[in-house]
Asks: 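Below is the structure I would like to discuss, written out as structure tokens.
As the structure lists them, so they are numbered: ligands from 1, and atoms in each ligand from 1. These figures come from a predicted structure and were not determined experimentally.
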Amino acid sequence: MAGGKIRKEKPKAKGTGTSAPYQGGISFHKSKGQHILKNPMLVDTIVQKSGIKSTDTILEIGPGTGNLTKKLLEAGKLVIAVEVDPRMVLELQRRFQGTPHSSRLKVIQGDVLKTELPYFDICVANIPYQISSPLTFKLLNHQPSFRCAIIMFQREFAMRLVAQPGDKLYCRLTVNTQLLSRVFHLLKVGKNNFRPPPKVDSSVVRIEPRKPRIEVKQKEWDGFLRICFNRKNKTLGAIFRQKNVLSLLEKNYKTLQALNLSVGNNRDADMGSLRLGNANEVETMEMEMEMDDADDGADDEMDVEDGDAEGETSEFKNKVLAVLKEGNFEDKRSSKLKLEEFFANFSTTFSGDNYFEQLCFDLVAIFDRSGRYVITGSDDCLVKIWSMDTAFCLASCHGHEGNITDLAVSSNNALVAFASNDFVIRVSYHSLLLPFSCAVDPLSSDDGTCRIWDARYSNLQPRVYIPKPSDILNGKSNGLSSNRPSSSNGPQSHQILCCAYNANRTVFVTVRSDTFARVWSDFKCTQEDLDQPVPELDLLSSHENDVNYVQFSQTWCWGLQYGCCNCALFSYMPCFRKLWERKPLFSQSKRNSRRAASLPIFLCHGLGDEVVAFEHGKRSAESSSSAGFRNLTFRTYNGLGHCTIPEETDEVCNWLTVTLGLNGSQSY
Ligand SMILES: C[S@@+](CC[C@H](N)C(=O)[O-])C[C@H]1O[C@@H](n2cnc3c(N)ncnc32)[C@H](O)[C@@H]1O
């Protein structure tokens with residue numbers, strides 16, 4: 001591995017002939033990754049390390065204003081530059097027009113990911129980092145193959161490419177890249193070598209495509225790696241015992257078998273020798289991979305619970321495990337497995353049976369509430385925000401250690417919650433003016449807790465919500481949870497599967513794979529509050545299996561906050577008893593309790609509410625009255641279900657008009 005590090009721009013040496021960075025009066029767009037190289041010495045070093053021959057056709061991706069292009073033209077025979085920004089294309093043409101280089105520069109205007117690449121010997125590029133992954137694989141699949149690519153990447157991405165088994169960054173990207181190429185780290189590059197400086201450090205790597213290529217069915221191979229790296233520190237034996245993995249493999253197997261039979265392809269039905277049919281036909285089948293199993297981190301067997309299929313499934317499981325055992329892979333972990341071992345495992349056991357072909361995790365994607373942005377999550381552990389106007393990726397959110405399994409935007413469009421199968425849910429401000437990145441607390445992964453932090457102050461610790469272990473729960477919980485992980489709490493053994501905020505962000509609910517839903521208060525919002533215990537307001541039970549979706553009712557928004565609102569309007573108050581117990585009205589200062597006691601409250605509830613039982617509304621009213629609220633109106637409506645009627649809305653309107661003095665006669 002070559003070394004070296006260039007950190008800072010050296011002052012321009014007078015009379016050396018090195019020129020100042022050429023900017024051409026253009027303003028740079030961060031959304032297009034426009035961070036031009038401003039250090040001429042660095043440009044020289046990159047070109048020198050590329051080993052360009054005078055006969056070479058060079059591909060440059062994103063030439064920008066041409067600082068690197070100029071040196072490439074001096075070193076090679078022909079430079080083909082692909083640039084998406086028409087302003088840069090113009091600037092490039094202006095810069096080289098009339099120079100001896102102009103006939104050896106060919107500029108293609110367009111998005112490199114959508115451009116059919118011409119023949120080239122070598123690729124040298126300082127690329128926009130948001131296209132790192134697709135670009136790498138586009139290059140590696142390019143035919144005829146090229147000699148090498150010298151590319152500037154974000155440091156972390158570069159380190160993933162060169163990672164070795166056992167390294168923290170060793171991942172599916174590493175193995176996929178190293179299957180097709182050999183990668184070397186050439187140079188560390190500090191932020192100050194760019195204008196404007198990016199937020200991250202960079203590295204230059206050299207990628208040499210393997211010749212000859214290792215031939216592998218790429219879809220199958222990638223599906224296999226997705227499973228292996230989904231929990232990369234688990235043994236392969238434990239991974240392939242998971243019921244979702246097994247049932248998906250079996251589903252693939254059976255569907256493809258059926259397809260094969262239905263086209264009259266009467267083959268031996270033995271698993272070991274069956275070829276499972278045409279990939280195009282199965283492309284349309286719905287086969288989602290959801291790794292949301294109850295997973296306690298141990299390597300215990302988890303049998304498929306399918307009643308009728310049990311016998312067959314066990315047989316299927318045994319066969320899968322037998323092939324793992326045969327290759328001695330059962331106790332190996334993906335994080336430490338060499339490429340050759342992956343390959344051996346894959347080709348000797350599974351290849352040809354197409355079990356993995358359909359194992360691509362779907363992207364999760366949602367529009368934000370304005371409709372101007374799309375937020376996506378994927379199995380590359382990243383959440384990205386895309387502009388609907390330009391189709392550019394505007395921000396990437398790092399920090400998850402597992403696949404992104406779900407996304408949600410709060411009703412006021414201020415927050416985005418990401419669920420991941422690394423056991424953590426993260427919540428970030430959805431504001432494009434703010435850095436959209438969250439640092440991961442290394443202690444937080446795999447602990448089944450919920451963490452919420454303020455992305456505006458990424459140096460601050462997130463607030464941690466630790467559910468009580470379900471084995472000590474006896475129906476309902478009344479106690480407080482600590483907001484700090486502690487050994488007494490022990491490791492959490494259940495993933496959080498989904499969560500939701502209520503409309504005004506005062507309460508949220510999390511659901512874990514132990515089937516319990518927990519309701520939490522989010523009243524505290526300052527950093528000083530971090531040391532205070534976080535109240536787990538309520539524990540909801542009765543589901544018998546995993547709960548995969550949770551949502552607050554939007555029919556009424558309840559907005560009660562102590563001493564800071566003028567009235568409260570709701571159909572019932574979730575967790576009302578615990579709320580009053582935690583913050584008894586009369587434990588506050590006299591002035592505040594007087595004020596709170598006179599708070600006008602309007603409660604209304606339909607007697608036929610099939611979703612929130614009338615009883616809850618009634619008890620909310622009784623409990624609030626006995627807590628000391630004396631200005632409370634409770635209206636009930638005969639036969640009204642979980643909806644509203646004109647009579648109710650009229651009454652609410654009148655009440656608000658009088659209470660808030662909208663008719664000029666304020667009563668509060
Ligand atoms: C990091 S700058 C590098 C500029 C120049 N090579 C340098 O080193 O000074 C990335 C360049 O890639 C261009 N770019 C961004 N996305 C692109 C895409 N999808 N296809 C082609 N060029 C792209 C940007 O407009 C920008 O000029």
Asks: Under the criterion salt bridge (charged side-chain N to carboxylate O under 4.0 Å, His left out), which of Lys77, Arg104, Arg147 is the partner of Asp56?
Replies: Arg147
Asks: side-chain contact (heavy atoms from CB on, under 4.5 Å) with Val107: which residues, sequence neighbours excluded?
Replies: Val89, Leu92, Leu105
Asks: Within the structure, does Gly62 bring an N/O atom to less than 3.5 angstrom of an N/O atom in ligand 1?
Replies: yes
Asks: I'd like to check which ligand 1 atoms, numbered from 1 as shown, lie under 4.0 Å from a non-hydrogen atom of Val82.
Replies: 21 (C), 22 (N)
Asks: Among Gly33, Pro198, Pro134, Ser31, which residue places a heavy atom closest to atom 2 (S) of ligand 1?
Replies: Gly33
Asks: Report the residues that fulfil side-chain contact (heavy atoms from CB on, under 4.5 Å) with Ser132, sequence neighbours left out, ordered by chain and then residue number.
Replies: Ile127, Tyr129, Phe153, Phe157
Asks: Any N or O of Leu37 that comes nearer than 3.5 Å to an N or O of ligand 1?
Replies: yes
Asks: Heavy-atom contacts with Asp85 under 4.0 Å: which atoms of ligand 1 show up? List them by number with element.
Replies: 25 (O)
Asks: Mark up the atoms of ligand 1 that fall under 4.0 Å of a heavy atom belonging to Val112, in ascending order.
Replies: 18 (C), 19 (N), 20 (N), 21 (C)
Asks: Examine the proximity of ligand 1 to Pro63 and report which part, side chain or backbone, both or neither, has a heavy atom under 4.0 Å away.
Replies: backbone
Asks: Decide whether the shortest distance between a heavy atom of Glu60 and an atom of ligand 1 is less than 4.0 Å.
Replies: yes
Asks: Using a 3.5 Å cut-off on N or O atoms only, is Pro128 in polar contact with ligand 1?
Replies: no
Asks: Should Glu156 and Arg160 count as an ion pair when the cut-off is N to O under 4.0 Å?
Replies: yes
Asks: To which of Asn126, Asp111, Ile127 does the heavy atom nearest atom 19 (N) of ligand 1 belong?
Replies: Asp111
Asks: Check this for me: does any side-chain nitrogen of one of Glu91 and Arg95 sit under 4.0 Å from a carboxylate oxygen of the other?
Replies: no
Asks: Tell me which one of Val84, Thr65, Leu72 gets a heavy atom nearest to atom 17 (C) of ligand 1.
Replies: Val84
Asks: Less than 3.5 Å between some nitrogen or oxygen of Gln34 and one of ligand 1, yes or no?
Replies: yes
